[in-house]
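Here's the structure, in structure tokens; my notes come after.
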There are 2 protein chains.
Amino acid sequence: MSRTKKRTGGVTMDHVAREAGVSLMTVSRVMNNVPGVKDSTREAVMGAVKALGYSPNAAARSLARNGAGRIGLLYSNPSAGYLSQFLVGALDGAQTSGALLVIEKCDTSSDSESAAIGRLIAGGVAGVILPAPHAESDRAIAALREAGVVAIAVGTGHPRPDTHAVRMDDFAAATEMTRHLIELGHRRIGFIKGAVNQTASVERLLGFETEIRRAEPPADPLVEPGDFTYRSGFEAAERLLTLDDPPTAIFASNDDMAAGALAAAHRRGLDVPGDLSVAGFDDTPLATAVWPELTTIRQPVARMAEAALRLVLQESRDQSRRDARSLIDQLLPHQLIVRASTGQVPGNS
Amino acid sequence: MSRTKKRTGGVTMDHVAREAGVSLMTVSRVMNNVPGVKDSTREAVMGAVKALGYSPNAAARSLARNGAGRIGLLYSNPSAGYLSQFLVGALDGAQTSGALLVIEKCDTSSDSESAAIGRLIAGGVAGVILPAPHAESDRAIAALREAGVVAIAVGTGHPRPDTHAVRMDDFAAATEMTRHLIELGHRRIGFIKGAVNQTASVERLLGFETEIRRAEPPADPLVEPGDFTYRSGFEAAERLLTLDDPPTAIFASNDDMAAGALAAAHRRGLDVPGDLSVAGFDDTPLATAVWPELTTIRQPVARMAEAALRLVLQESRDQSRRDARSLIDQLLPHQLIVRASTGQVPGNS
DNA sequence: GGGCTTTTTAATAGCGCTAACATCATTTTG
DNA sequence: CAAAATGATGTTAGCGCTATTAAAAAGCCC
């Protein structure tokens with residue numbers, strides 16, 4: 001008992017097959033949801049799987065599939081909260097769908113990005129998931145395309161004409177948040193923009209502006225630049241709050257900046273939401289870590305990562321069969337989360 | 001060219017061997033740094049590897065090694081910043097050392113933890129990395145031990161008598177930070193404790209108290225409970241700042257709580273560091289995201305994860321050979337990072 | 001330089017899984 | 001009722017790599 005057999009500790013397909021009284025191949029079919037297995041057989045196999053606690057060996061699978069099912073993920077360093085959520089989602093999806101994730105890090109420099117993409121391609125991935133900043137790099141996408149690797153952009157504002165995309169409707173979400181503020185009676189509303197090189201920033205701004213124009217009586221937008229960092233949010237909020245006629249609400253393009261705005265408000269002795277409402281975007285862990293908790297838009301980051309994984313897997317499979325590729329643009333639902341940081345406009349109750 | 005060959009896109013060992021004019025096995029030896037290869041041969045192989053851009057296929061490797069080299073990582077949801085740094089470090093290490101990481105998520109409930117450990121064991125891992133909260137779960141460690149899986153605790157306060165550990169010296173680090181504050185002239189210093197179920201919290205507190213007692217003239221500690229969340233830091237700071245004789249400096253057991261303290265100070269109209277110094281711990285991304293940037297202790301999270309990976313790999317290899325296991329306790333260096341949030345005691349200049 | 005150990009290299013057999021083809025039962029049909 | 005068309009399952013041959021064993025080359029003694 002104590003002597004560790006070389007065994008990996010593992011139940012293999014063979015064991016399952018024997019237990020279920022079928023051949024190894026049948027088990028494989030069941031595990032991969034291949035049609036053409038009698039229901040009764042399928043159930044028997046499932047039973048054996050449960051009984052033995054079998055779980056397929058990802059390494060063997062990836063090997064046998066000869067790289068199909070190996071997919072790459074490129075990341076640099078977006079907001080830390082975003083990254084871990086994203087990784088978790090991707091990891092989850094990988095486990096579920098039996099894919100093998102190859103994760104590559106790079107910084108934002110174009111060289112580093114190219115190098116990482118090169119490594120991914122050399123590693124023989126069938127597809128690559130490109131989260132927000134990289135999804136907008138022409139070079140990266142061109143390199144991938146040339147190598148015949150499926151690329152999928154996650155979290156961009158627009159879909160590109162040359163890549164599949166998984167994203168949320170940033171425009172609509174910004175619209176909803178703005179409406180929420182307007183319904184609370186706010187008319188002077190500050191908006192803090194996100195990093196200019198990301199199309200999602202643009203969509204959020206457009207959504208805000210569009211909804212502002214719909215307000216009746218008319219609302220008054222005050223737009224300040226920002227770059228998705230806490231500090232830029234803080235500074236933008238300082239600028240907004242030192243105006244002669246400061247806004248009664250601030251809508252930041254992400255939670256980090258909203259947290260910065262919160263800090264700026266507190267620093268000036270303003271009560272949130274008594275004197276000023278603050279809204280964020282993304283619903284990162286930070287949103288519930290600050291006080292008061294942020295009203296924000298829940299972006300289903302983990303689900304987007306998972307969807308991206310599934311999509312890239314499916315596409316890479318399809319691509320090898322036929323060449324009929326239509327671009328997919330999958331939109332995941334967002335949600336307005338109202339918490340304690342937004343309230344009625346001051347002096348309105 | 002356009003037709004995708006079934007090829008994984010990959011250069012295999014076979015190609016390298018042919019290029020270098022040696023056998024496949026020799027290449028394997030070189031790749032694994034196995035002794036007993038003539039230097040000239042080794043160089044020839046390395047040359048071929050470079051020339052062809054070969055990189056070994058982790059899946060095949062893991063498969064052939066029959067699970068050795070497959071190592072598990074359990075995580076729940078510590079501070080988001082911590083997680084991504086940790087994952088990145090582990091992922092990096094895995095790539096370098098050719099290990100295959102199996103990442104399992106669980107929440108903090110004991111059941112969920114057991115289930116995750118079970119999955120890991122069933123997956124045939126040779127070792128498991130247990131970051132902070134799980135590293136202190138007797139059940140988890142017992143289960144792993146029973147399955148003959150090497151466990152390694154990361155980021156605990158003490159080493160346990162039954163597990164290898166990779167950690168930093170929390171006690172010494174807290175001591176240094178406290179000394180830093182004392183040297184700035186602070187004598188009334190607030191301390192915000194971390195979650196009570198983590199031994200690192202205790203070490204940090206002890207380090208603080210020890211250094212306080214050394215101060216000349218004597219210093220005055222004010223200890224408040226906290227649980228590593230932003231909110232608990234905010235609340236603890238509120239309590240400290242509403243005292244009749246409030247502290248001139250607050251040392252929080254992590255950056256999240258320090259950020260909370262910062263918010264509380266701003267809310268009361270205090271200038272940091274003019275009126276109040278605030279210090280954190282960990283140097284998570286948050287530390288530089290807030291304003292002013294936090295003086296903190298840099299905990300080499302990524303390096304710790306990498307070290308843990310290496311250690312668990314090596315141990316699992318050794319264990320299968322002999323049974324002579326001595327417990328390893330690897331201490332990684334930390335660093336006091338002085339930024340803008342701490343300064344001379346008010347009215348001292 | 002023969003017999004011997006010591007390096008160093010080559011050959012073979014899997015690791016757990018899947019793709020492609022082969023083999024059986026069942027139907028369906030001329 | 002034989003022949004072809006379906007299912008449903010079993011067989012075989014690898015995927016890229018590492019252990020293990022066998023073989024060859026190189027050193028060493030007297």
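Just so we're on the same page: letters track the sequence lines, and every chain starts at 1.
For Asp39(B) and dT9(C), the CG to P distance is 11 Å, given to the nearest whole Å. Distance, Asn57(A) CG to dG16(D) C1': 14 Å, rounded to whole Å. Rounded to an integer number of Å, the gap from NZ of Lys38(B) to P of dA26(D) is 7 Å. One interatomic measurement links the two molecules: CE of Met13(A) to P of dC15(C), which rounds to 15 Å at whole-angstrom precision. What separates CD of Glu43(A) from P of dT9(D) is a distance of 12 Å, to the nearest Å. Taking atom CZ of Arg18(B) as the reference point, atom P of dA10(C) lies 13 Å away to the nearest angstrom. dG7(D) atom P lies 14 Å from atom CZ of Arg29(A), rounded to whole Å. Regarding Arg65(A), its CZ atom lies at a distance of 6 Å from the P atom of dA19(C), rounded to whole Å.
Here the side chains of Asn32(B) and Arg65(B) are in contact, with some heavy-atom distance below 4.5 Å.
A sub-4.0 Å separation between OP1 or OP2 of dC15(D) and a side-chain N or O of Thr12(B) is absent. Here Thr26(B) reaches the OP1 or OP2 of dA10(C): one of its side-chain N or O atoms lies under 4.0 Å away.
Paired with Leu144(A) under the rule side-chain contact (heavy atoms from CB on, under 4.5 Å), one option of Val125(A), Leu130(A), Val150(A) passes, and it is Leu130(A).
Nucleic acid contact for Asn32(B): sugar-phosphate only, since backbone atoms but no base atoms lie under 4.0 Å from a heavy atom of the residue. Contacts of Ser62(A) with the nucleic acid, taken as non-hydrogen atoms under 4.0 Å apart, are absent.
Comparing dG16(C), dG10(D), dC17(D) against the side chain of Ser23(A) picks out dG10(D) as the nearest. Closest to the side chain of Leu63(A), from the set dA20(C), dT20(D), dG16(C), is dG16(C).
With salt bridges taken as basic N to acidic carboxylate O contacts below 4.0 Å, one links Asp138(B) and Arg160(B).
Atom CE of residue Met304(B) and atom CD1 of residue Ile152(B) lie 10.0 Å apart, to the nearest 0.5 angstrom.
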| query | Stepwise, does the salt bridge (charged side-chain N to carboxylate O under 4.0 Å, His left out) test hold for Arg145(B) with Asp162(B)? | reply | CA-CA 9 Å; Arg145(B) 174 173 221 75; Asp162(B) 53 0; 5.6 Å; no
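When each of Val37(B) and Ser55(A) is assigned the nucleotide of DNA chain C with its nearest heavy atom, Val37(B) is the one assigned upstream, toward the 5' end. Nearest-nucleotide positions on DNA chain D place Ala59(B) closer to the 5' end than the other of Met25(B) and Ala59(B).
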